[in-house]
2 protein chains.
Amino acid sequence: MARTRTSISDLAQQLGISISTVSRALADHPSISDATKKKVWKLAKALHYQPNHMAAGLRKGRSNLLGVIVPHIDGHFFTMVVKGIEAVAAKAGYNVLICQSNEDVAHEQKNIETLLNAQVEGILVSLARTTRTFTHFEKVRMQQIPLVFFDRVLEGLDVSAVVIDDREGGYQATKHLLEQGYRRVAHFSGPQHLNIYKNRRQGYLDALHEYNLPVVEELIFNCNMALEDGERGIEYLLALPEPPDAVFSASDFSVVGALQLLKQRGLRVPQDIALVGFSNETFTSFTDPLLTSVDQRCEQMGQAAVRLFLEMREENDGLYSPRRVVLQPDLMVRASSGIKQQLEVEAD
Amino acid sequence: MARTRTSISDLAQQLGISISTVSRALADHPSISDATKKKVWKLAKALHYQPNHMAAGLRKGRSNLLGVIVPHIDGHFFTMVVKGIEAVAAKAGYNVLICQSNEDVAHEQKNIETLLNAQVEGILVSLARTTRTFTHFEKVRMQQIPLVFFDRVLEGLDVSAVVIDDREGGYQATKHLLEQGYRRVAHFSGPQHLNIYKNRRQGYLDALHEYNLPVVEELIFNCNMALEDGERGIEYLLALPEPPDAVFSASDFSVVGALQLLKQRGLRVPQDIALVGFSNETFTSFTDPLLTSVDQRCEQMGQAAVRLFLEMREENDGLYSPRRVVLQPDLMVRASSGIKQQLEVEAD
DNA sequence: GTTGGCTATACAAACGTTTGTGTATATCTA
DNA sequence: TAGATATACACAAACGTTTGTATAGCCAAC
């Protein structure tokens, strides 16, 4: 077989026309006659012509590569965001390079080097939980490469980002519990330097306020949102003189931990304590009872992030004006937060 | 700032030497004097020189891109394999393009087109569960692009692949149950056109044989290995005149389904029925009791796959001789398969 | 003092595109 | 009929590298 792939000049030679004509014909350029175009297309197909992206990229100064940095792709959320990203990116002719920071700043920094090295045209990033500074992104800015954050953003930073309305999510989750009749609602809260946890907590506070309920500090448990944190958290809450009748957790992981410990102690969910999580992870369907959770529109988030990048790319002045997209969360009500009154009646 | 990045010729100009000298200096070529090299390196650093991969790739006929197709990256297994792949690939100077087939052949086909289009130098693939033919891979072969399968391979296909010894895994899992004293061991079995499920089943059979136990067909439940399949499977088994005292499932997902249904019915694990899964998924640590499972050496598998690709790349004759790497599985014993006798004593 | 063999560098072609500009032919306008 | 316009194509430069080959300078050997 052909040791070398068929190139544009092979087509030109075989058709007896110039290289530039072939190039323009393939690109459907208006100044090429339909007859010629058809000839070119036909031969290209026959010879299994595949354009050389690197050559084109070199000439056009583009790589058609889009870089993505996520903390991990274990769970449901980032996996789905990546899916959304890939869908839109593919449509725009981009290939996606995915990097995992493993929730570690140092790794995040390395990821950036890698992507810069690969000459990506833009970088989409959701911060590691340990990231507290912006310095390692300066290089990206200096090279005038569009930078879009999604979900996790550093507080008070003027950058383009797509986030969900975490405050609204926290508000809805808590309000839902209150509507079901629960009155002593606790909260598992995460690192406050990250927008998401801060806002979810704010939503929780807002809902309490709306119901004229006092904020009981001892009902707010600060942690890292892991499974074990949930176990520790519920243990702590149960030990209180006046334990809560419901918990709104800023993460599904910690709520699963809580659920496990509750079951171990022989307590029933939601009869004894109702639970609501955040992220709508897949495993919320693995538990018994099914967990109420806040859906984050993961796929939409990914799509929006790419669209934001595409918009920024158009602004050739290089001084990208930061834009922000806010998606609305969606409360998925399931068994773990059933109506209190009704349950009590049933329990009789 | 510089509208255009610094190139090799900028360096050459500023140093008053030729482009080729700079290129060779950067590559640490022996025919360049140390003095010159140092000058070049110094200036390169000062000017933040970043090599243009596309130009180099064009010249060298390489893309430094490696394509990966996995069924999905939701669970633990493929996520970790990808991690292993990325580690070794990065060391060899490759960037990794990840595609998800979503367990769908049509999607898989599209993924291949995408990767071919991106001019990857090799493709690593784990088949979708619905893939039964090889036709869509012919194009890859024709272009003489190294193709390496991992984990899921089509039966009887002469291709390079890295797999685990699934038979051994099934054998160990079953033998472990028998050693613990269980004597009526059932099996959840998957689609038999895929190597992995076929071999796991064979391992199960081999272990029974070794213990001179008869193969009871009604104790083998064929399914698709999803959570619901596990529920259905255990329901079926419990309804038998003589139910099993243990189940070895070819997947962790179905074993979780079984566990949930057992608990729902008030049956205890492992006292009433012991369970062993396959894959050592993360959520085996989310369950109560913890699940015994067969670890698949995910990261090693990814690493081995890349190494296989690198080897094939060296064989420039293009006619790659298929090689196969077989990794040894690792039984992770946890609570769900405790010793039968001991449990009975305790239960007294 | 010619030849040979180093060493360190320069020259130039090539990789496969894209794209600005030049040009031949045909068509239209005055 | 001369000139303007439009159409459809060709020419050639450029993108930033790598790499085979040529060359200049130098030293040793005959």
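All chains are named by letter (A, B, ...) in the order of the sequence lines, taking the proteins before the strands, and each is independently numbered beginning at 1. Because the structure is a prediction, the values reported are computed rather than measured.
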Output yes when at least one side-chain N/O atom of [X] is less than 4.0 Å from OP1 or OP2 of [N], else no.
| X | N | answer |
| --- | --- | --- |
| Ser7(B) | dG16(D) | no |
| Ser23(A) | dT18(C) | yes |
| Thr36(B) | dT9(C) | yes |
| Thr21(A) | dC9(D) | no |

Subject >> Ring-ring centroid check Phe149(A) Phe137(A), cutoff 6.0 Å >> reply: yes
What's the [atom1]-[atom2] distance between [X] and [N], to the nearest Å?
| X | N | atom1 | atom2 | result |
| --- | --- | --- | --- | --- |
| Leu58(A) | dA13(D) | CG | P | 17 Å |
| His29(B) | dT18(D) | NE2 | P | 11 Å |
| Gln13(A) | dG16(C) | CD | P | 13 Å |
| Ile19(A) | dT21(C) | CD1 | C1' | 17 Å |
| Leu11(B) | dA10(C) | CG | P | 13 Å |
| Ile8(B) | dT19(D) | CD1 | P | 11 Å |
| Tyr49(B) | dT17(D) | OH | C1' | 7 Å |
| Ile32(B) | dT18(D) | CD1 | P | 12 Å |

**OP:** Could you pull out the closest heavy-atom pair between Val105(A) and Ala128(A), with the gap in Å?
**Re:** N-CB, 4.4 Å
Original post:
Under 4.0 angstrom, heavy atoms only, what part of the nucleic acid is Ser33(A) near: base, sugar-phosphate, or nothing?
Top reply: sugar-phosphate
Subject >> Met54(B) or Arg24(A), whichever maps to the more 5' nucleotide of DNA chain D >> reply: Arg24(A)
Subject >> Asn52(A), nearest nucleotide to its side chain (from dA13(C), dT17(C), dA12(D)) >> reply: dT17(C)
**OP:** Compare the minimum distances between each of dT19(D), dT17(C), dT9(C) and the side chain of Arg59(B), then state the nucleotide with the smallest one.
**Re:** dT19(D)
Subject >> Residue whose closest nucleotide on DNA chain C lies nearer the 5' end, Gly16(B) versus Ala55(B) >> reply: Gly16(B)
**OP:** Report the distance from atom NZ of Lys37(B) to atom CD1 of Ile32(B), rounding to the nearest 0.5 Å.
**Re:** 7.5 Å
Original post:
On a plain distance test, is the side chain of Ser20(B) in donor-acceptor contact with the base of dC11(C) below 3.5 Å?
Top reply: yes
With a cut-off of 3.5 Å and sequence neighbours excluded, list every side-chain donor-acceptor pair involving residues 70-82 of chain A.
from, atom 1, to, atom 2, distance (Å)
His76(A), ND1, Asn280(A), O, 3.3
Thr79(A), OG1, Ile73(A), O, 3.3
Thr79(A), OG1, Gly75(A), O, 2.6

Original post:
What residue among His53(B), Gln119(B), Arg313(B) forms side-chain contact (heavy atoms from CB on, under 4.5 Å) with Arg62(B)?
Top reply: Arg313(B)
